[in-house]
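We number each residue from 1, following the sequence as shown. Just so it is clear, the structure is predicted and the values come from calculations on it, not from any experiment.
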Amino acid sequence: EWTMRSPSTSPLPARPGTSPLRRKLLLLLALLVAVSLLSDRLDADADQSERDPDNSESGGVDDRHLALLTALSRHPPSLRVFRLVFSAWFLLLMSALALWIWEGNDSIRKEDLERLLFAAVGSDDDDDDDDADDADEPDEMTGNDSYGPQAIEDSIMHNNNTGNPRKNHIILVPTLSSQSVLEAALDSAILTFACLICFTVASAEGGRYINQSIISNRQDTASIYLKYFCEATAPLFPLGLFCISIFKTLFPWKKKGKVGMTLVMMTVGAPFYEVTFRDGFIGDIITSAVRPLQDLLFTLFFLPLGLHAYWSSYTIDAAAIPIERSWIVHTLLLPACTLSPLWWRFCQNLRQCYDTKRRWPSLGNALKYMLAAEVATFGMFDPSIKKHPVWICAFAGATLYQVWWDVFMDWGLLEWDYVKGWFTLRSTRLYKRKWVYFLIFGINFALRFVGMITLIPPVHLSRTTGLIVNTFTDFDLFVGSLAACAEIFRRTVWALLRLEWEVIKTRKGFESQESPGTNTMEASAEVEMAELDYRNDMKPMPIHSATGGLWNKFPLKPLRWNDMSELNDIQVL
C-alpha cells in the first residue's frame, strides 16, 4: 500500500537494490568478468604450418590464456603504472576493512578514533585551542558534528606567519568512515579495470579483439591503420589512469590535498615537529609502501618522457629505456625510496627521545629501523651478498627483532604471570575472541619476512655489464605485486592491535582518576598526564612495554641510564 508522504518530513526509504555501494559492486563484478573473458586464442586453422601435422585432421588445438597478462608483458612500463594504481586501491580497501572492524567493536569508541587518528592539526596556544574547539562544534544546519559543510569550507585557516604548521594554522582532519573509504576504493577499482580492458584490447596485435578477421592472411589498409592506432594508444591508458588518480587524490585541494599533504609532511619533516601517535602511525604505513613508492618514482619520470615520445619518432614504451638504464635512478633515487621511510621513522624516534629525555624505548625503536636500513642497503648495492651466511643471519635477526618489538612494545600482547612464572596473553583486551590475537600474530610473523624483501628493488643495474638484471627470478610480473599487497595486508592486521593497545593505554589515566584507592604519587602523575593529553588532544606518541613487571622481579633497574632529565638539550643531542 502506497501513501503520499512529504519529502521534507518523512521521505520514502531507498530501495536496497538501488544503493550506490551495491551498484558499484555490480559494476565492478561485470568488469572483472569482462577482463576474464578477454583471452588470447591461437586457432589451428590460422597457423596450421606451425603446429603438429597429426592434429590437422582433428580440427586443430584451441589454446587460450588470459590476454591481460600478454598485454602487460608486452608493455613493461605500463605494468609498473597499473601496479602502482592497484597498490593504492588495495591500500584503500584495507583501510576500509580496518575502519569497519573498529566501528563494529563496541569497546573502541568513536571518540578514541577521532582523538588518535582524526584530531585537528593546529597550534598548542590557548587561542588556537579555542578555535579548534569551536570548529569541532556541531553544524547548526546539518547537525554533523564531524565535518559539516561550513567546517569543510573553513577547514584550513592560514595566518600571516610561515613555518611549523602546528603553530601557524589549524587544519581539520575529516572523520572518515568505512563506507566512504570503501566507496572511494570501488571508484578507483572501477576506473582501473575499465582502463585495463581498453589497454588489453588496444595492445592486441592488429586489434584481434575488435575484429577477428583482421588477423587473417589478408592484410588490408584498414587493418594496418587499426594496428598502428592500437599500438600508439595502448600505453596512453595507464598514463591517463595515473593522471586521473592523482587529480582525484589532490582535488578539491582544501578537502583532500591540503589535509593529506600536511599529514604526510608531519612525518617527512621529522625530527623538526613533535611526534604524535598519528604521525608515527602514518610513518609505519609509509614504510610498508616502499614498492609503490618505487613505482611512483618510475611513473613520474615516465609520464613526461612518454608524452614526448607520443609526438616523436620512437614509441612510448621505448621512452622507459633511459629510465631503466639510468645510473642515477638505480644508485640514488630507488635506494632513496627504500631508505627514506626508514629514515623518517628513525628521526621520529630521535625526536621522541629528545622530548621525553628518556633513552628507552625510543632508541630501541630507532635501532629497529636502522637494522632494517642496513640489511636493505647491502641487499640493494651488492645483490650477490644475499647468499652470504652473514647477510642471511642479519636479515633473520633484524626481522625477528621487529617481531619482538611488535609483540611486546607496539601491541603489549604478552604480560608476565607471577603465578605461572611465564608470559601470558594480556588480560585487558578489546577484541572478544582470543584466537584473533594468535591469528594476527601468525600473519604478522610470516609476512614480516616478505616485508623485508619488498625493501629490495626487483631489478638492479649490473656494475660489470651495465645491464638491468632481475634481483629475483620472475619477480617483476607476479611476485613483486603479490609481495607489495602482502606487506599492505600485514600492516593492516598490525594496525588492528596497535590502535587497540594505544586505546587501552590512554584510558588507564582516566580510569585511575575515578578509582578510590589511587592516592600514590604514581597515580597522581598518571592523572596529571592524562589531563594534559586531554587538553592538547594528541601529545608525543608514547611506546610502553608489556614487560614492565620484570623490573620488579629482577634487581637490575637501569633507571639512571634511561633517565636524561638532568641533561640540557645540547647534552641530550
Side-chain angles (χ1 to χ4, degrees), residues 20-21 23-24 27-28 31 78 80-96 99 117-122 135 139 141-142 144 146-159 162 165-166 168-196 198-199 236-269 278-279 282 285-286 289 292-293 295-304 306-307 488:
L21 187 61
R23 289 199 300 266
K24 293 178 181 179
L27 180 57
L28 180 60
L31 292 175
S78 301
R80 288 177 175 265
V81 181
F82 279 117
R83 189 171 60 188
L84 169 63
V85 178
F86 180 80
S87 299
W89 165 77
F90 190 73
L91 180 60
L92 282 175
L93 185 63
M94 291 295 100
S95 301
L99 288 173
L117 299 180
F118 305 112
V121 180
D139 188 83
M141 298 298 295
T142 61
N144 185 6
S146 60
Y147 211 61
Q150 187 65 30
I152 292 176
E153 188 68 23
D154 301 333
S155 61
I156 303 172
M157 296 181 292
H158 293 281
N159 287 344
T162 57
R166 292 192 192 277
N168 292 331
H169 55 275
I170 296 176
I171 296 180
L172 297 181
V173 180
T175 302
L176 301 178
S177 63
S178 59
Q179 182 176 357
S180 61
V181 178
L182 180 59
E183 290 181 354
L186 291 178
D187 292 338
S188 176
I190 291 173
L191 181 62
T192 302
F193 281 100
C195 290
L196 275 175
C198 298
F199 169 76
L236 293 180
F237 289 106
L239 294 179
L241 174 64
F242 174 75
C243 295
I244 295 175
S245 301
I246 292 296
F247 181 82
K248 294 183 64 177
T249 302
L250 298 180
F251 296 97
W253 177 252
K254 287 187 176 182
K255 298 179 183 178
K256 298 180 180 180
K258 187 66 176 181
V259 176
M261 292 298 294
T262 302
L263 294 179
V264 173
M265 287 304 298
M266 304 310 297
T267 299
V268 177
R278 179 175 57 198
D279 298 333
I282 295 176
I285 294 176
I286 296 177
L293 286 178
D295 292 335
L296 177 61
L297 174 68
F298 175 85
T299 305
L300 291 177
F301 279 95
F302 177 65
L303 179 62
L307 295 179
I488 293 175

request  = For side-chain contact (heavy atoms from CB on, under 4.5 Å), just list the numbers for Val81 and Leu241, CA-CA rounded to whole Å, side-chain angles, deciding distance to a tenth of an Å, and then say yes or no.
outcome  = CA-CA 9 Å; Val81 181; Leu241 174 64; 5.8 Å; no

task = Check Val173 against Ala119 and note the closest heavy-atom contact, atom names and distance.
result = CG2-O, 3.4 Å

request  = Quick one: closest heavy-atom pair of Ser178 and Ala96, and the distance?
outcome  = CB-O, 3.5 Å

message = Measuring only between side-chain heavy atoms, which start at C-beta, is Ile282 closer than 4.5 Å to Met266?
response = no

key: From OG (Ser177) to CG (Leu182), nearest 0.5 Å   = 9.5 Å

task = Using the six-membered ring wherever Trp is involved, compare the ring planes of Phe302 and Phe298 and label them parallel, tilted or perpendicular (cut-offs 30° and 60°).
result = parallel

remark   = Separation between OG (Ser95) and CG (Leu176), nearest 0.5 Å, reads 9.0 Å

ask   = How about Ile170 and Val121: do any of their side-chain heavy atoms sit closer than 4.5 Å?
value = no

query = Does the pair Phe301 and Leu297 meet the rule for a side-chain contact (heavy atoms from CB on, under 4.5 Å), with working shown?
reply = CA-CA 7 Å; Phe301 279 95; Leu297 174 68; 3.3 Å; yes

query = Nearest heavy-atom pair of Trp253 and Met261: which atoms, and what distance?
reply = CH2-CG, 4.0 Å

request  = Give, for atom CG of Leu191 and atom CG of Leu196, the distance between the pair rounded to the nearest 0.5 Å.
outcome  = 10.0 Å

task = Would you indicate whether the side-chain heavy atoms of Ser180 and Leu99 approach each other to under 4.5 Å?
result = no

key: Over all atoms of both residues, closest heavy-atom pair of Val259 and Pro174   = CG1-CD, 4.0 Å

side-chain contact (heavy atoms from CB on, under 4.5 Å) between Cys243 and Leu303, intermediate numbers included = CA-CA 9 Å; Cys243 295; Leu303 179 62; 4.0 Å; yes

query = Do Leu293 and Ile286 have side chains that get closer than 4.5 Å, going by heavy atoms?
reply = yes

query = What is the ring orientation for Phe90 with Phe86, classed by angle as parallel under 30°, tilted 30 to 60°, or perpendicular over 60°?
reply = parallel

request  = Considering non-hydrogen atoms only, spot the tightest contact between Ala194 and Leu31 and give its length.
outcome  = N-CD1, 4.2 Å

ask   = Should Phe82 and Cys195 count as side-chain neighbours, where that means a heavy-atom distance under 4.5 Å?
value = yes

request  = Spell out, as yes or no, whether a donor-acceptor pair under 3.5 Å connects the side chain of Lys24 to the backbone of Asp187.
outcome  = no

query = Is any side-chain heavy atom of Leu21 less than 4.5 Å from a side-chain heavy atom of Leu186?
reply = yes

inquiry  = Can you tell me how far apart CZ (Arg80) and OG1 (Thr299) are? Round to the nearest 0.5 Å.
reply    = 8.5 Å

query = Going from NZ on Lys258 to CG on Leu172, what distance comes out if it is rounded to the nearest 0.5 angstrom?
reply = 13.5 Å

query = How far apart are the closest heavy atoms of Trp89 and Ser188, and which atoms are they?
reply = CB-OG, 3.9 Å

ask   = For the atom pair CD1 (Ile246) and CG (Leu296), what is the distance rounded to the nearest 0.5 Å?
value = 6.5 Å

